[in-house]
Amino acid sequence: MLRFTDFSDFCDLTDGEIQSISSGANVPYIEACALAHEAEDNPESSRAVLKMMQQHLERVEKNADGLRSKEIHLAINNFAATHKFT
């Protein structure tokens with residue numbers, strides 16, 4: 001039986017990245033892993049996933065959740081460092 005960690009290890013993302021993508025795209029964690037995996041070598045998909053993460057960050061910042069905002073910023077920075085955008 002596959003576990004969630006099997007999927008998260010496969011897409012090579014942190015828990016924060018998966019949670020940010022999941023919340024930004026309004027999809028389950030497993031689907032967030034699939035979106036991120038598709039985006040690994042596809043600049044257009046990478047930009048779309050990054051946009052979802054940024055939209056999630058904007059919603060969190062509207063609620064003035066400083067700690068969560070910081071976590072999402074770290075997730076976005078890591079995602080941007082590990083995916084192709086051009």
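In what follows, residues are counted from 1 in the order of the sequence shown.
The shortest heavy-atom contact between Glu38 and Ser45 is OE2-OG, 3.4 Å. Of all non-hydrogen atoms in Ser46 and Ala39, the two that sit nearest each other are OG-O, 2.5 Å. In terms of heavy-atom proximity, Gly24 sits nearest to Arg59 at CA-NH2, 3.5 Å. Of all non-hydrogen atoms in Met53 and Ile72, the two that sit nearest each other are O-CG2, 4.2 Å. Minimum interatomic distance between Val27 and Ala32 (heavy atoms only, all atoms of both residues): CG2-N, 3.8 Å.
In this structure, CZ in Phe79 is found 10.5 Å from OG in Ser20, a value given to the nearest 0.5 Å. Rounding to the nearest 0.5 angstrom, the gap separating the OH atom in Tyr29 from the CD atom in Gln19 is 4.0 Å. Between Ile76 atom CD1 and Leu50 atom CG the span is 6.5 Å, to the nearest 0.5 Å.
A donor-acceptor contact closer than 3.5 angstrom is absent between the side chains of Glu61 and His56. Using modelled atom types and a 3.5 Å distance limit, the side chains of Thr14 and Glu17 yield a donor-acceptor pair.
Residue-environment remark: CG (Asn26) stays at or below the threshold of 12 foreign heavy atoms within 6.0 Å.
Under the 4.5 Å side-chain criterion, counting only non-hydrogen atoms from C-beta, Ser69 is in contact with His73.
Residues passing the side-chain hydrogen bond (donor to acceptor under 3.5 Å, both in side chains) test with Thr82: none are found, sequence neighbours excluded.
Taking a cutoff of 4.0 Å between a charged side-chain nitrogen and a carboxylate oxygen, Glu71 and Arg68 qualify as a salt bridge.
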